[in-house]
Amino acid sequence: MCDAIRHRGPDDDGYHVAGNAGLGMRRLSIIDVAGGHQPIFNEDRSLAIVFNGEIYNHLDVRAELERRGHRYATRADTETILHAYEEYGDACVTHLRGMFTIAIWDAPRQRLFLARDRLGKKPLYYTQPSGADGQLAFASELKAILALPGVERRVDRQALADYAAWGYVPDPLSICRGVVKLPPAHYLVYENNRVRVEKYWDVDYGHTRRAEPEEFYVDRALEILDEAVRIRLMSEVPLGAFLSGGTDSSVVVALMTKHTAGRVKTFSIGFEEKRYNELPYARAVADHFRTEHHEEVVRPEAERDVLALVKQFDEPFADSSMIPTYYVSRLARRHVTVALSGDGGDELFAGYLRYVDPESVRVANRFPASLRDAVLGPLTGVLPPGTRGIDRLRNLMGGADDQYVRHMTGGISQLRREVFEPAFLAGIDDPARIASPFLSAVRAADALSRRQYLDTHTYLSGDILTKVDRASMMVSLEARAPLLDHVLAEFAATIPVELRMKGMTTKYILKRVAERLMPAELVHRPKMGFAVPVAFWLRKEWADRSDDLVRGKRALDRGTFRPAFLNRIMNEHRAGRRDNSTMIWRLMMLELWYREWMD
């Protein structure tokens, strides 16, 4: 199992096998390089821990624990977690500020404690034991669990349907039946052959009324951000930052320069296609802060690199920005072992234009949803699939939450009988159900808060952080995200709606923070996103390959998608009638996953 995830920790390994429990660890040495070998034990060796991540406040927690009589054998943050478990029990996780997955074997109680960080930066898979002698296995990546004898590679059909809608497999399912993911901000206890999963933290959008002047929110955001960056500079190995030239990464680099004695190392990649190339923006920020800047124009070996990423990600994953994330991680790893990123700014500070409804939707929403559905439902039902304008009509149906979920899932909920074969659909629940508990939890909040809350619990952990974790770990690089500090997340949720987005200005407060750190021209520029020219590739060099992967014999024989649906989206895209690149790419990644992992 550890050999399967050697890329996550090439520096060291460690094992503890006693009785009916075993712990294994691959280590990327960052803190207490010499003495932090895992597993780590408490004083009487009754507790053992393995841990993936970093605890940035471990020295403060350690000082308190030492005052309470705990004796340390190392300088490692891992040992602090173990003593915190001794002192606080399962609530130990509430004392930790960082990114982590934790496994503690409590031998006297024959008890396993697993935990995942609040926002899901680090992954954790586990098998669900059955029967009195059921075995629970856990790992940072699915491939480690699949290395176990007796774990079958059986596709979970519900997870596959969810993937088709969301572009990733949302928690808690995994693509393999019988293996699930521990959601962010949860811990698991396995004791007496029973699994108990508990949630220990959440972000609260219930206090967003304007209570303070605008400058208060700017001051406080800058204060917390400055601390979040400073504590993430803790390292005994070389450290740098990803720099796209966007607001998020530029703010991180600006604050790093404040707390770093030498020049900050920054890393950027670009593409030959100008509309996807952010290098000039990144270079301008690097020049302003006099960083030691490294950049690379990537000429992708698309098929080779995509196949390697499919193998790395274990589950089907369709965010094409995994490609540039891998490239910038590979570039950074040549120079450093740790890189800070700007991930999380869009979710926490409202950076997506999709949070603002189009004018047509705003006008339509002046009429009751029941009236719109009564008129448009029958109309969209009789129009042939692919009719020009049908997607816009569908987008006018339902309430604001329905419209947003439909946008995030590509309308698969509404269209699933058109998309999937009838035999596959039997027993499959609506993929939109993923959103329901999160939207219900913040029903009283405003529409923007509901969308941010949903994204934080789905898209952020399932897509963004999965992408960054797997792509960085593929080259044994640790990625840290100051903007996803949980203290900052708690504060960002209290920013009034009118200050999160001001008119069409996204991330208003964060941009105000950035204006204090750098010239305005470096802050206000068009948002590009970390994208690759997928639509262009599909019409050019990937044309034949995409045809084989989407509607070739091997793909059709799997019996998942209706051939008529596949033919329609491919033909529309080829003819330039509609940009179906998102769905086509999703199907391509699924078929490549099948060939790599199942065939």
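Small disclaimer: the values here were computed from a predicted structure and weren't measured. Computed over heavy atoms, backbone and side chain alike; hydrogens, waters and symmetry mates excluded.
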(Q) Does the structure place the NZ or CZ of R196 under 6.0 Å from the centre of the six-membered ring of Y190, at an angle of no more than 45° from the ring's axis? (A) no

**Q.** Rounded distance [0.5 Å steps], OG1 in T127 versus CG in L148
**A.** 7.5 Å

Q) Any side-chain heavy atom of V169 sitting closer than 4.5 Å to one from D156? A) no

Q) Atom CG in D343, atom CG in L483: separation rounded to 0.5 Å? A) 8.5 Å

Q: Would you mind checking if R6 and D13 are paired as a salt bridge, meaning a charged N to carboxylate O distance below 4.0 Å?
A: no

Q: Could you tell me whether the side chain of Q158 and the main chain of I428 form a donor-acceptor pair under 3.5 Å?
A: no

Q) For the rings on H83 and Y72, is their centre-to-centre separation under 6.0 Å? A) yes

Q | L592 CG to W585 CH2 distance, which is reported to the nearest 0.5 Å | A | 8.0 Å

Q) Mind checking whether Y594 and L160 have side chains closer than 4.5 Å, heavy atoms only? A) yes

Q) Step by step, would you call Y125 with F138 a ring pair (Phe, Tyr, Trp, His ring centres under 6.0 Å)? A) CA-CA 5 Å; Y125 292 80; F138 63 90; over 10 Å; no

(Q) Does R45 have more than 12 heavy atoms from other residues, nucleotides or ligands lying within 6.0 Å of its CZ? (A) no

Q | pair R232-V229: side-chain heavy atoms closer than 4.5 Å | A | no

(Q) Treating E490 as the side-chain partner and D204 as the backbone partner, does any N or O pair qualify as donor plus acceptor under 3.5 Å? (A) no

Q) Y327 ring centre to R330 NZ or CZ under 6.0 Å, with the angle to the axis within 45°? A) no

Q: Mark yes or no for whether D314, through its side chain, and K143, through its backbone, hold a donor-acceptor pair below 3.5 Å.
A: yes

Q) Between CZ of F51 and CD1 of I104, what distance do you get to the nearest 0.5 Å? A) 10.5 Å

(Q) Please check: side-chain N/O of D117 versus main-chain N/O of K122, any donor-acceptor pairing under 3.5 Å? (A) yes

Q: Could you check if a side-chain atom of V419 sits within less than 4.5 angstrom of a side-chain atom of F424, using non-hydrogen atoms only?
A: no

Q: Can you label the angle between the Y88 ring and the H95 ring as parallel, tilted or perpendicular, going by 30° and 60°?
A: parallel

Q. Out of M99, R230, E227, which residue meets the side-chain contact (heavy atoms from CB on, under 4.5 Å) rule with Y56?
A. M99

(Q) So that I can tick it off, tell me whether E478 and R8 are bridged by a salt bridge, with the cut-off set at under 4.0 angstrom between side-chain N and carboxylate O. (A) no

**Q.** K121 bridged to D469 by N-O distance under 4.0 Å
**A.** no

Q. Hey, is D162 close enough to R157 for a salt bridge, meaning N to O under 4.0 Å?
A. no

Q: Answer yes or no: is there an ion pair linking D548 with R595, defined by an N-O contact shorter than 4.0 Å?
A: yes

Q. Quick check: does any side chain N or O of S476 sit under 3.5 Å from a backbone N or O of H7, one acting as donor and the other as acceptor?
A. yes

Q | Backbone of R71 reached by a side-chain donor or acceptor of E43 within 3.5 Å | A | yes

Q.
Any heavy-atom pair between the side chains of F313 and L309 that's under 4.5 Å?
A. yes

Q. Does K199 reach the main-chain N or O of A185 with its side chain, forming a donor-acceptor pair under 3.5 Å?
A. no

Q: Using a strict 4.0 Å threshold on nitrogen-to-oxygen distance, state whether E86 and R68 make a salt bridge.
A: no

Q. Roughly how far apart are M589 CE and D319 CG, rounded to 0.5 Å?
A. 11.5 Å

Q | Heavy-atom side-chain proximity of L233 to L340 below 4.5 angstrom | A | yes

(Q) Using side-chain heavy atoms (C-beta onward) and a distance below 4.5 Å, is Q135 in contact with N20? (A) no

**Q.** Audit row: D11, R27, salt bridge (Lys or Arg N to Asp or Glu O under 4.0 Å) steps and yes/no
**A.** CA-CA 6 Å; D11 300 332; R27 185 180 180 214; over 6 Å; no

**Q.** R558 with E591: basic N within carboxylate O range, under 4.0 Å
**A.** yes

Q. How long is the span from the CE atom in M322 to the OH atom in Y168, to the nearest 0.5 Å?
A. 15.5 Å

Q.
I'd like to know if D12 pairs up with R26 as an ion pair, taking the criterion as any Lys NZ or Arg NE/NH1/NH2 lying under 4.0 Å from an Asp or Glu carboxylate oxygen.
A. no

**Q.** R480 bridged to D485 by N-O distance under 4.0 Å
**A.** no

Q: Tell me whether the guanidinium CZ or amine NZ of R116 lies under 6.0 angstrom from the six-membered ring centre of F100 and within 45° of its axis.
A: no

Q) With a 4.5 Å heavy-atom cut-off, do F113 and D106 have their side chains touching? A) no

Q. Salt bridge (Lys or Arg N to Asp or Glu O under 4.0 Å) between R111 and D90: does it pass, once the steps are laid out?
A. CA-CA 11 Å; R111 182 181 200 262; D90 298 347; 2.9 Å; yes

Q | NZ or CZ of R470 within 45° of F317 ring axis and under 6.0 Å | A | no

